[in-house]
*Asks:* 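Quick one: the structure is below, questions incoming.
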Protein chains: 2
Amino acid sequence: MTQTPAFTPMDEPLDAFLCFSVYAAGLAFNRVYKPLLDPYGITYPQYLALVALSGKQGQTVSELGERLHLESNTLTPLIKRLEAAGLVTRTRDKQDERVVRLGLTQAGSSLAKTALGCVPAEVLKATGLNRAALAALNAELAALGKALRTTAAR
Amino acid sequence: MTQTPAFTPMDEPLDAFLCFSVYAAGLAFNRVYKPLLDPYGITYPQYLALVALSGKQGQTVSELGERLHLESNTLTPLIKRLEAAGLVTRTRDKQDERVVRLGLTQAGSSLAKTALGCVPAEVLKATGLNRAALAALNAELAALGKALRTTAAR
DNA sequence: AACGATTAAATCGCGTACGATATAAATAGC
DNA sequence: GCTATTTATATCGTACGCGATTTAATCGTT
């Protein structure tokens with residue numbers, strides 16, 4: 001079990017790759033969230049955006065992108081779908097017309113509140129972890145992401 | 001720092017979500033891999049498929065899908081791109097014409113060997129982890145993925 | 001004031017993911 | 001032996017994610 005497996009036929013060469021376990025866990029989270037979010041008519045990335053927006057009103061697209069680690073090429077269409085669904089408002093900043101400020105509508109805010117009231121508990125159950133183990137793993141992964149981003153930026 | 005954060009304005013509500021740290025780490029891995037794989041002309045998911053195929057010749061699309069946790073709707077186009085690039089062979093099983101058996105070409109096999117010779121070491125560096133810590137985190141994430149998949153299947 | 005450089009979003013094209021459906025081959029029941 | 005069902009793969013439409021480019025507004029310098 002090494003990160004650089006010997007190049008000989010092996011049953012599951014991907015098992016040794018951390019990137020793959022992250023990739024597979026990401027797919028799996030997506031599949032757990034889907035049935036939980038379908039009733040709200042939003043996708044998993046849209047849910048993450050709503051949660052991020054619920055933290056503070058009037059964030060810019062760039063600020064939201066910093067939180068989600070995404071850029072306007074991904075966010076603009078996603079946000080427009082949330083706007084079309086009546087969950088998010090997009091308004092040009094009067095001081096700087098280049099900037100778009102984002103906010104939750106009443107519907108968006110109440111959807112976020114409702115979803116946050118039950119979805120996370122379901123997801124926690126699905127992980128099979130207790131809160132302490134989850135927090136520990138979360139911290140390790142946050143550190144991993146940070147390390148990877150400093151390298152990727154070079 | 002709980003999985004169900006109180007619904008009050010907070011700077012980074014996503015920080016408490018394990019799903020988000022997995023999501024963000026997945027994005028970050030993708031960005032670390034891109035410049036490493038660009039010289040080979042393959043994407044990150046294509047790399048994972050090649051590594052999985054390097055484990056055993058003659059796997060079916062379904063078998064590859066079990067390893068990668070993907071289905072034919074995703075894999076068929078991906079595999080066809082690898083075939084068009086001359087890295088993978090697709091042949092209908094003579095015993096059962098429904099089945100497509102996959103193999104690496106000489107070029108695909110040698111690309112996999114070359115890439116596995118240097119890419120994983122670069123990625124390991126980017127994680128900032130030593131092999132033991134990486135293996136431990138990998139095992140935790142593999143278990144997490146497994147738990148999530150058993151729930152998602154219901 | 002004017003103009004080149006920078007910045008924030010948006011747009012475009014391509015490659016995943018995935019639900020839903022289609023196609024074709026094998027199997028099961030009768 | 002024939003039809004109904006099941007199974008393996010493929011196709012299609014939608015939504016990300018991202019490199020590259022575009023558009024429009026602001027800033028910096030003169």
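In what follows, chains carry the letters A, B, and so on, assigned in the order in which the sequence lines appear, proteins first and then strands, with residues in each chain numbered from 1.
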*Asks:* List the residues meeting side-chain contact (heavy atoms from CB on, under 4.5 Å) with Q59(B), not counting sequence neighbours, and say none if there are none.
*Replies:* L53(B), K56(B), E63(B), R67(B)
*Asks:* Apply the side chain to side chain contact (heavy atoms under 4.5 Å, CB included) test between Y40(A) and each candidate in D38(A), L36(A), I42(A); give the one that qualifies.
*Replies:* I42(A)
*Asks:* Find which nucleotide of DNA chain D each of E97(A) and H69(A) is nearest to by heavy atoms, and output the residue with the more 5' nucleotide.
*Replies:* H69(A)
*Asks:* With a 3.5 Å cut-off and just heavy-atom distances, do the side chain of R98(B) and the base of dT9(D) make a donor-acceptor pair?
*Replies:* no
*Asks:* Residues in side-chain contact (heavy atoms from CB on, under 4.5 Å) with T74(B), at least two apart?
*Replies:* L70(B)
*Asks:* Once you apply a heavy-atom cut-off of 4.0 Å, does R31(B) come out as touching a base, just sugar-phosphate, or nothing?
*Replies:* sugar-phosphate
*Asks:* To the nearest Å, how far apart are I42(B) CD1 and dT16(C) P?
*Replies:* 10 Å
*Asks:* For R81(A), give me all partners under salt bridge (Lys or Arg N to Asp or Glu O under 4.0 Å), at least two apart in sequence or on another chain.
*Replies:* none
*Asks:* Any protein N or O atoms within reach of nucleotides 11-13 of chain C? Criterion: under 3.5 Å, listing atom names and distances.
*Replies:*
{"from": "dT11(C)", "atom 1": "OP2", "to": "K80(A)", "atom 2": "NZ", "distance (Å)": "2.9"}

*Asks:* Using a cut-off of 4.0 Å on non-hydrogen atoms, how would the nucleic acid contact of Q46(B) be classed: base, sugar-phosphate, or nothing?
*Replies:* sugar-phosphate
*Asks:* Distance check needed: dG15(C) C1' versus D38(B) CG, whole Å only.
*Replies:* 13 Å
*Asks:* Test of understanding: with salt bridge (Lys or Arg N to Asp or Glu O under 4.0 Å), list the residues that count as partners of R101(A), not counting sequence neighbours.
*Replies:* D93(A)
*Asks:* Is the centre of the Y33(A) ring less than 6.0 Å from the centre of the Y47(A) ring?
*Replies:* yes
*Asks:* So do Y23(B) and L14(B) actually touch side chain to side chain, heavy atoms under 4.5 Å?
*Replies:* no
*Asks:* Taking side chain as C-beta onward, heavy atoms only, is E122(B) less than 4.5 Å from V119(B)?
*Replies:* no
*Asks:* Could you tell me whether R92(B) contacts a base, only the sugar-phosphate backbone, or nothing, with contacts defined as non-hydrogen atoms closer than 4.0 Å?
*Replies:* sugar-phosphate
*Asks:* E83(B) and K80(B): salt bridge (Lys or Arg N to Asp or Glu O under 4.0 Å), yes or no, with the steps?
*Replies:* CA-CA 5 Å; E83(B) 186 188 29; K80(B) 284 188 171 175; over 6 Å; no
*Asks:* Please give me every residue in residues 21-30 of chain B whose heavy atoms get under 4.0 Å of an atom in DNA chain D, ordered by residue number.
*Replies:* Y23(B), L27(B)
*Asks:* How would you label the contact of Q95(A) with the nucleic acid (heavy atoms, under 4.0 Å): base, sugar-phosphate, or nothing?
*Replies:* sugar-phosphate
